[in-house]
Amino acid sequence: MSGPSPGLELLLTNLQLCLPEWSPAQRVDLFTGNATETIFAFLDQFRCWSFSERELRAEVSIENLSILESARRSGPVVLICPHFLGAEFAGHRIGLETRGAVVYTAAPFPAFNALRQRARERFGTCRSILLGDSMLPLVRAMRQGMPVLLMPDLDPGAIGSIFTPFFGRPAATSTGPAWCAGRFGATVIPVSVRRVEGGRYITTIHPPVEGLDADIAAGTAKINAVIERLVRNNPSQYWWAQPRFATRPDGAQPVYSSAVLTFLQGA
């Protein structure tokens with residue numbers, strides 16, 4: 001009998017790496033719930049892209065908006081949102097309250113990228129910034145007073161990242177949010193989103209990350225700790241099927257099997 005598919009093995013490996021204190025039965029229950037939430041989120045994403053402003057306000061509520069409004073009055077703002085399955089709803093909903101920018105990674109399908117960008121920009125309050133080698137578009141948006149939404153919990157590769165703990169394991173992590181705080185004095189504000197009964201979503205704006213200064217490594221570690229805490233609060237709605245630990249420190253052994261690594265190279 002063959003084992004699980006590489007994609008499924010990747011997800012299960014991440015659960016074991018990140019939640020070793022959980023029993024196998026608990027992780028199976030989490031996997032089952034996560035699979036259900038993933039299906040809902042995939043279908044809901046297209047629903048979100050078709051919402052009118054009135055529908056979006058009705059289907060997605062926002063908590064603690066005053067935190068964002070207060071931070072905007074004092075200078076640049078960077079919003080950090082982990083890859084919760086409903087993250088698309090959070091970005092759209094915040095965009096109704098303030099003109100801002102979202103930094104994104106291109107999908108391998110140009111038609112999907114175009115559809116997503118058109119949906120995000122349809123209200124005229126969101127600017128899409130493709131993640132690239134230059135930080136200039138992000139800096140320009142901040143200088144124009146636009147809150148910038150980043151999702152810094154992906155593995156960005158070895159270039160331009162540092163290794164800092166994530167669920168107790170060294171993970172290649174983007175220094176972008178900590179750099180914005182240290183270089184421009186940006187306030188870094190965490191955001192989470194959850195799907196609730198009835199298919200509605202709630203976006204929550206959390207208090208700013210404290211103690212960020214010119215020490216980029218220490219700041220990145222603090223931001224990772226905040227992201228981990230948000231994920232632990234809602235693990236069933238997090239995107240666990242990402243290769244978070246694919247990039248390894250020099251000399252460290254891979255944490256994924258050869259089948260998963262081959263799968264990732266071809267993805």
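Between F167 and W240, the ring center distance clears the sub-6.0 Å criterion. Annotation: W49 is in aromatic contact with F112 [ring centroid separation under 6.0 Å].
For the pair P6 and T262, the minimum side-chain heavy-atom distance is 4.5 Å or more. When side chains are defined from C-beta on, L138 counts as touching V103, because their heavy atoms get closer than 4.5 Å. Using a 4.5 Å cut-off on side-chain heavy atoms (C-beta onward), V188 and L150 make no contact. For the pair D44/Y201, a side-chain contact is recorded, criterion being any heavy-atom separation below 4.5 Å from C-beta on. Annotation: side chain of V78 is not in contact with side chain of T187 (no heavy-atom distance under 4.5 Å). With a 4.5 Å cut-off on side-chain heavy atoms, I129 and V102 do not count as touching. I202 has its side chain out of reach of V60: every pair of non-hydrogen atoms, C-beta onward, lies at least 4.5 Å apart. Looking only at side-chain heavy atoms (C-beta outward), H206 and S192 come within less than 4.5 Å of each other.
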Derivation of the side chain to side chain contact (heavy atoms under 4.5 Å, CB included) call for R195 and L85
CA-CA 9 Å; R195 190 178 73 88; L85 298 172; over 6 Å; no
Check the pair T125, T98 against side chain to side chain contact (heavy atoms under 4.5 Å, CB included), reporting the backbone distance first and the verdict last.
CA-CA 7 Å; T125 59; T98 178; over 6 Å; no
Verdict with supporting geometry, V255 and L17, side chain to side chain contact (heavy atoms under 4.5 Å, CB included):
CA-CA 9 Å; V255 299; L17 290 171; 3.9 Å; yes
Derivation and outcome, side chain to side chain contact (heavy atoms under 4.5 Å, CB included), residues L65 and E97
CA-CA 9 Å; L65 181 61; E97 304 298 333; 3.6 Å; yes
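Residue L136 qualifies as enclosed at atom CG: its count of foreign heavy atoms under 6.0 Å is above 12. The local environment of CZ in F46 is crowded, with over 12 non-hydrogen atoms from other residues, nucleotides or ligands closer than 6.0 Å. By the 6.0 Å contact criterion, CD on E55 is enclosed, its count of non-hydrogen atoms from other residues, nucleotides or ligands being greater than 12. For R248, the CZ atom counts as densely surrounded, since its 6.0 Å shell holds more than 12 non-hydrogen atoms of other residues, nucleotides or ligands.
Remark: R169 fails to qualify as a cation-pi partner of F245 under the 6.0 Å distance and 45° angle criteria applied to the six-membered ring.
Not a single donor-acceptor pair under 3.5 Å links the side chain of S70 to the backbone N or O of I67. No side-chain donor-acceptor contact under 3.5 Å links R57 to the backbone of S52. Between the R99 side chain and the G145 main chain, no donor and acceptor come within less than 3.5 Å of each other.
Separating the CG atom in L12 from the CG atom in L15 is a distance of 6.0 Å, to the nearest 0.5 Å. Between atom CZ of residue R93 and atom OG of residue S61 there is a gap of 7.5 Å, rounded to the nearest 0.5 Å. We find the CD-CZ distance between E37 and R194 to be 12.0 Å, quoted to the nearest 0.5 Å. A distance of 9.5 Å separates CZ of F84 from OG of S236, quoted to the nearest 0.5 Å. We find the CZ-CH2 distance between R244 and W239 to be 11.0 Å, quoted to the nearest 0.5 Å. L11 CG to R27 CZ: the interatomic distance, rounded to the nearest 0.5 Å, is 12.0 Å.
Considering all non-hydrogen atoms of both residues, P110 and P108 come closest at CD-O, 3.6 Å. In plain terms, the two heavy atoms of G157 and A172 that are nearest each other are O-CB, 3.9 Å. In plain terms, the two heavy atoms of A178 and I223 that are nearest each other are N-CD1, 3.7 Å. Taking every heavy atom of both residues into account, K222 and V209 meet most closely at CB-CG1, 4.3 Å. The two residues Y256 and Q242 have their closest heavy-atom pair at OH-O, 4.0 Å. Among all heavy-atom pairs drawn from S174 and T220, the shortest one is O-CG2, 3.8 Å.
F166 and L230 fall within the same hydrophobic cluster, defined by Ile, Leu, Val, Met, Phe, Trp and Tyr side-chain heavy atoms under 4.5 Å apart, directly or through other members. V193 and M151 sit in two unconnected hydrophobic clusters of ILVMFWY residues. Membership requires side-chain heavy atoms under 4.5 Å apart, directly or through other members. Taking hydrophobic clusters as Ile, Leu, Val, Met, Phe, Trp and Tyr residues chained together by side-chain heavy-atom distances below 4.5 Å, L149 shares a cluster with V77.
Looking only at atom types and distance, the side chain of T247 has a donor-acceptor partner in the side chain of D155 under 3.5 Å away. Side-chain contact annotation: H92 with R122, donor-acceptor N/O pair under 3.5 Å present. Under the 3.5 Å distance criterion, with hydrogens and angles disregarded, no donor-acceptor pair is assigned to the side chains of Y238 and N233. Side chains of Y104 and N113: a donor-acceptor N/O pair is absent below 3.5 angstrom, by distance only. Under 3.5 Å, the side chains of N224 and T173 contain a donor-acceptor pair of N or O atoms. Under 3.5 Å, the side chains of R127 and Q117 contain no donor-acceptor pair of N or O atoms. E63 and T203 share no side-chain donor-acceptor pair at under 3.5 Å.
A salt bridge does not link E88 to R116: none of the charged nitrogens lies less than 4.0 Å from a carboxylate oxygen. A salt bridge is defined here as a Lys NZ or Arg NE, NH1 or NH2 lying under 4.0 Å from an Asp or Glu carboxylate O, and R232 with E21 meets this definition.
Ring pair W179/F184 is perpendicular by interplanar angle, where above 60° counts as perpendicular and below 30° as parallel.
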